[in-house]
A.B. asks: 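Can you read through this structure? Questions will come right after.
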2 protein chains.
Amino acid sequence: MDRIDAKIVRALQEDGRLTNQDLAEKVGLSPSPCLRRVRNLEADGVIQGYSALVDQKACGYPITCFMRIRLSVHSEEAVQRFEAKIMETEAVLDCYLMTGGADYQLRIVAESLDAYEQLVRHTIQRLPGIASIETSFAYGVVKKSRVLPVKLEGAL
Amino acid sequence: MDRIDAKIVRALQEDGRLTNQDLAEKVGLSPSPCLRRVRNLEADGVIQGYSALVDQKACGYPITCFMRIRLSVHSEEAVQRFEAKIMETEAVLDCYLMTGGADYQLRIVAESLDAYEQLVRHTIQRLPGIASIETSFAYGVVKKSRVLPVKLEGAL
DNA sequence: ATATTATTGGCATAATCTGCCAACAGGATT
DNA sequence: AATCCTGTTGGCAGATTATGCCAATAATAT
């Protein structure tokens with residue numbers, strides 16, 4: 001990871017479909033070495049993939065909420081069953097292990113309040129070993145960035 | 001948004017660099033109409049852009065935390081100054097308006113605890129009109145999906 | 001059944017990707 | 001300082017892909 005790699009990472013976060021030629025120009029390289037660097041970043045796992053960013057509402061998911069969940073049982077089995085269920089639930093977009101009052105924080109999307117209720121009743125509340133759930137709805141988005149502020153300095 | 005558009009949206013969320021030819025094959029269309037649909041989805045704002053997904057740690061940002069912030073002053077001016085500052089702070093990746101105890105929830109990344117401290121002291125705490133801040137650190141990631149579970153049914 | 005509109009598939013051209021090789025730069029050794 | 005060595009770069013050629021246009025097809029309404 002040198003200065004050029006950082007530029008590449010930043011540029012591809014801002015536009016994941018940049019052509020290699022445009023990217024090369026942006027970072028001040030000719031296409032061949034540029035492509036090689038991109039492939040290396042991919043192989044090293046620095047770049048994990050590419051994705052289209054979509055308008056949630058336009059796709060029929062106007063509702064976003066965050067749930068903070070505390071488990072009553074922290075045995076390995078309970079944790080694994082919980083996390084396995086999270087993994088297979090498509091409406092759960094993110095799930096982090098947290099410090100503080102809750103064990104997990106989930107970001108959940110839904111098509112409607114009805115769909116949300118179904119999800120909570122049929123999936124979330126049936127997760128094994130839940131002690132408490134605290135939910136907050138997002139009713140507006142101030143910012144949604146996809147660009148890590150990768151410093152253009154320092155080797156890693 | 002018909003069934004085919006939904007397939008396109010899903011496929012491009014899973015791999016934003018799919019070739020138009022591969023995409024066309026995946027959704028059961030020939031390349032020309034497939035490309036046209038993609039361009040329409042982009043023009044309509046359903047597809048808002050493309051992005052490379054990167055490994056935060058490999059890029060030097062091992063720390064993620066969520067901050068829930070409550071404002072003491074909710075005047076339009078205070079809100080705008082707050083949100084403007086959020087917008088220009090690169091370490092704040094997301095910011096939602098929330099129901100419940102906090103007004104905002106921020107997702108923040110940092111390169112180190114020191115950098116985090118600097119950020120809090122020099123940027124966050126100087127935001128105008130803050131009543132309280134509650135921070136939780138993410139010390140693990142269970143799931144991080146980028147794919148809205150776009151239903152293959154229903155026109156919108 | 002017919003007219004009309006929207007969508008599709010195929011084709012030709014232009015742009016892009018990608019692997020290979022020679023040239024170049026930087027560092028270590030003599 | 002000259003030489004070797006390693007890693008990176010730039011350019012070129014063939015293969016792949018994108019893109020605009022046109023006729024053909026499908027869907028809808030009259």
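Model, not experiment: these values are computed from the prediction. Within every chain, numbering begins at 1; the chains are lettered A, B, ... in the order of the sequence lines, protein sequences first and strands thereafter.
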A.B. asks: For Q56(A) and V141(A), run side-chain contact (heavy atoms from CB on, under 4.5 Å): C-alpha distance rounded to whole Å, both residues' side-chain angles, the deciding distance at 0.1 Å, then the answer.
C.D. replies: CA-CA 11 Å; Q56(A) 275 189 221; V141(A) 178; over 6 Å; no

A.B. asks: Do any pairs count as a salt bridge (charged side-chain N to carboxylate O under 4.0 Å, His left out) and have a residue in residues 12-30 of chain A, sequence neighbours left out, and if so which ones?
C.D. replies: none

A.B. asks: Could you tell me whether the side chain of K143(A) and the main chain of M87(B) form a donor-acceptor pair under 3.5 Å?
C.D. replies: yes

A.B. asks: Which two nucleotides bound the region of DNA chain C that has atoms under 4.0 Å from heavy atoms of chain A, read 5' to 3'?
C.D. replies: dT16(C) to dG19(C)

A.B. asks: Can you give me the closest heavy-atom contact between L93(A) and V147(B), atom names plus distance?
C.D. replies: CD2-O, 3.7 Å

A.B. asks: Does the R107(B) side chain pair with the main chain of T64(B), one donor and one acceptor, at a distance under 3.5 Å?
C.D. replies: no

A.B. asks: For the helix from dA1(C)-dT30(D) to dT30(C)-dA1(D), what is the angle between the axes at its two ends, each from 5 pairs, rounded to 10°?
C.D. replies: 30°

A.B. asks: Does dT19(D) have its OP1 or OP2 closer than 4.0 Å to a side-chain nitrogen or oxygen of R39(B)?
C.D. replies: yes

A.B. asks: Does anything in residues 112-132 of chain B form a salt bridge (charged side-chain N to carboxylate O under 4.0 Å, His left out)? List the pairs, not counting sequence neighbours.
C.D. replies: E117(B)-R121(B)

A.B. asks: Using a 3.5 Å distance criterion without hydrogens, assess whether the side chain of E83(B) forms a donor-acceptor pair with backbone atoms of V142(A).
C.D. replies: no

A.B. asks: Would you say that F82(B) contacts H74(B) through its side chain, given a criterion of any heavy-atom pair below 4.5 Å between the two side chains?
C.D. replies: no

A.B. asks: Using ring-ring contact (aromatic ring centres under 6.0 Å, His included) as the criterion, point out the one residue from F137(B), F66(B), Y139(B) that pairs with Y96(A).
C.D. replies: F66(B)

A.B. asks: Excluding sequence neighbours, so at least two apart, what forms salt bridge (Lys or Arg N to Asp or Glu O under 4.0 Å) with K85(A)?
C.D. replies: E88(A)

A.B. asks: Indicate for each nucleotide in nucleotides 6-17 of chain D, in 5' to 3' sequence, whether protein heavy atoms under 4.0 Å reach the base (B), only the sugar-phosphate (S), or nothing (-).
C.D. replies: --SBBBB----B

